2 protein chains.
Amino acid sequence: MTANPIFRVVEGPASGRCEQCGIRKKAVCAYCSTPELVLLDAMKSYKDFAPGEEIAAAGEETTHVGTVVEGVVSLSKTMIDGRRQMVGLLFPSDFIGRPFRAIAPFDAVAVTHVRVCRFKRKSFESLCEESPNLEKRLLEMTLDELDASREWMLLLGRKSAREKLASFLAILARRAAGLADKPLANGVTVELALTREQMSEYLGLTIETVSRQFSQLKREGVIALKSAREVAILDFARLLDASGDESDGDALY
Amino acid sequence: MTANPIFRVVEGPASGRCEQCGIRKKAVCAYCSTPELVLLDAMKSYKDFAPGEEIAAAGEETTHVGTVVEGVVSLSKTMIDGRRQMVGLLFPSDFIGRPFRAIAPFDAVAVTHVRVCRFKRKSFESLCEESPNLEKRLLEMTLDELDASREWMLLLGRKSAREKLASFLAILARRAAGLADKPLANGVTVELALTREQMSEYLGLTIETVSRQFSQLKREGVIALKSAREVAILDFARLLDASGDESDGDALY
DNA sequence: CGTTGATCTTGACTTGGGTCAATGCGGAGG
DNA sequence: CCTCCGCATTGACCCAAGTCAAGATCAACG
């Protein structure tokens, strides 16, 4: 389900494996070559964060990088006067942290309960030097994130409130269907990990506008709200239409 | 002046050098190791583009990647109804193209006259496999671009028109001062490569709003317009103040 | 040196979404 | 079961920025 993490075990016996990120002593990794894995396995550690807990703060030194194993993490930037913009959401298998830079450029906050599989940044960096495949994998993930972040710039700069919310819900619905490995049919139910306030920070809106757009889509029969945090997509075609995006496509996400 | 391109020659005689991107047969490169350079030098080619000319189109296959040698390139995304958002501006020494993906995710258009030093994407990709240092350099550049693009998300999602324009001018002024290697004093003159329309696409505004904000900053004595495309920064402190950014800092740019 | 066309500026008006202020609602804890 | 308390919704109002419509400016060109 959590497809394509930066590390993945592809062969070898199951014994001694880390059940969280799949790294195992003496295993062959799909991306990095064997010997480093032993080191890596020894170096890694887990850390859990409660909802709302800060994982890293913009402007402060970061000592670790890693992979989100469980839960949802928000990346955001806050202005002096308190205005805040979320610049990314991380899900299980996503890489978290900023290699090759001591100071974190953004705040990372746990949205739900979060478990991170961590390595010391320095160790990870030297491991990168030694293991080109690991580095290549990280490069590919970073390029994908860059594309996604630019896609989000279109949403922030040009889309209406309605289009913003519809786009967001469409992405979550695709994600939910993808994880469940189901075709994207009407009636999919999406669990919203975010509060209205967090959504407003992600979409560049206010909490009231987000709420109003939910009500509007509900009134039109595009979605149904089982509860405030549980949305059923009743009419995916009309949702996509409202999103302003080019038709169906499994986009970059 | 065009600091930190993906390739740079650091030693060896000047003969046989490519004066545009600094790659030379048998030279030692700061980022990638020697042997590949011979190949690289043989593979590279130059291409020029006129202002407004399309370098790559979103959704179409790309055959090349490369480095901007001269001029300014815009990356943008257009919605079906014509709304357009610029998602990046590329200057000399910036990497252009999308390795490891056949389809271009964004439009690349020449803003000024542009010269690009190009390599076949496939060749570049295999070169990456072989030359970890090259790959590392590309990774670092991509991480920096990701940070910058997230920074821009804050501008698009949360800043007022005034703050947007002030931020933009501050970035250009820093750039101009940096290239001229001068301290950032009041009175720096900034050449605007972009039309008002292009600025509005970059800032997520309309052309009229951009124009009005220019007039406003002029009225307040923060800037002076020598011509429509030539701005003098009269009061850098107040410009930064208007930008909503945290103080002076040489930010990520 | 006047015409043309693109670019830029300015004004008048409209509007989407922000602000402020109640009100509703549902789960945790007494 | 009632009472908080944090979240969510809804309404009334307002304003920043968008839209529409003239004009101004300026470089290119016949």
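All chains are named by letter (A, B, ...) in the order of the sequence lines, taking the proteins before the strands, and each is independently numbered beginning at 1. Bear in mind that the values here come from a model prediction, so they are computed numbers and not experimental data. Quick note: numbers below take in every heavy atom, side chains included, and nothing from hydrogens, waters or symmetry partners.
Ion pairing between A:Arg84 and A:Asp107 fails under the 4.0 Å rule for side-chain N and carboxylate O. For A:Asp245 and A:Lys159, the salt-bridge test passes: some basic side-chain N is under 4.0 Å from an acidic carboxylate O. Ion pair A:Arg150/B:Glu145 flagged as a salt bridge, since at least one NZ, NE, NH1 or NH2 atom sits closer than 4.0 Å to an Asp/Glu carboxylate oxygen. Between A:Glu151 and B:Lys77 there is a salt bridge, with a side-chain nitrogen of the basic residue lying less than 4.0 Å from a carboxylate oxygen of the acidic one.
Atoms CG (B:Leu165) and P (C:dC8) sit 13 Å apart, rounded to a whole Å. If you take CG of A:Leu156 and P of C:dG17, they are 13 Å apart, rounded to a whole angstrom. Rounded to an integer number of Å, the gap from CZ of B:Arg229 to P of C:dA6 is 15 Å.
For DNA chain D, the outermost nucleotides in 5' to 3' order that have an atom under 4.0 Å from a heavy atom of chain B are D:dA17 to D:dC20.
Cation-pi check for B:Arg196 over B:Phe214 is met; the charged atom lies under 6.0 angstrom from the ring centroid and within 45 degrees of its normal. In this structure, A:Arg118 forms no cation-pi arrangement with A:Tyr46, as its terminal cationic atom is not both closer than 6.0 Å to the ring centre and no more than 45° off the ring axis.
For CD of A:Glu197, the number of neighbouring non-hydrogen atoms (other residues, nucleotides, ligands) closer than 6.0 Å is 12 at most.
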Extract all donor-acceptor atom pairs below 3.5 Å that involve side chains of residues 215-225 of chain A and protein atoms in other chains or at least two apart in sequence.
residue: A:Ser215; atom: OG; partner: A:Ser211; partner atom: O; Å: 3.1
residue: A:Gln216; atom: OE1; partner: A:Arg219; partner atom: NH1; Å: 2.5
residue: A:Gln216; atom: NE2; partner: A:Glu220; partner atom: OE2; Å: 2.6
residue: A:Glu220; atom: OE1; partner: A:Arg162; partner atom: NH1; Å: 3.3
residue: A:Glu220; atom: OE1; partner: A:Arg162; partner atom: NH2; Å: 2.9
residue: A:Glu220; atom: OE2; partner: A:Arg162; partner atom: NH1; Å: 3.1

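Using modelled atom types, no side-chain atom of A:Asp147 and backbone atom of A:Asp144 make a donor-acceptor pair closer than 3.5 Å.
Here B:Thr189 pairs with B:Lys226, B:Glu230, B:Ala232 under the side chain to side chain contact (heavy atoms under 4.5 Å, CB included) rule; sequence neighbours left out. By the side chain to side chain donor-acceptor pair (under 3.5 Å) test, A:Thr112 is found to be paired with no residue, residues two or more places apart in sequence or in another chain being considered.
At the heavy-atom level, B:Leu194 lies nowhere under 4.0 Å from the strands shown. Looking at heavy-atom distances under 4.0 Å, A:Leu192 makes no contact with the nucleic acid at all. Contacts of A:Ser160 with the nucleic acid, taken as non-hydrogen atoms under 4.0 Å apart, involve only primed sugar atoms and P, OP1 or OP2.
A heavy atom closer than 4.0 Å to some atom of DNA chain D occurs in B:Gly204, B:Leu205, B:Thr206, B:Glu208, B:Thr209, B:Arg212, these being the qualifying members of residues 196-219 of chain B. Heavy-atom distances under 4.0 Å link DNA chain D to no residue of residues 78-86 of chain B.
For the pair A:Ala228 and A:Arg158, nearest-nucleotide mapping onto DNA chain D gives the more 5' position to A:Ala228.
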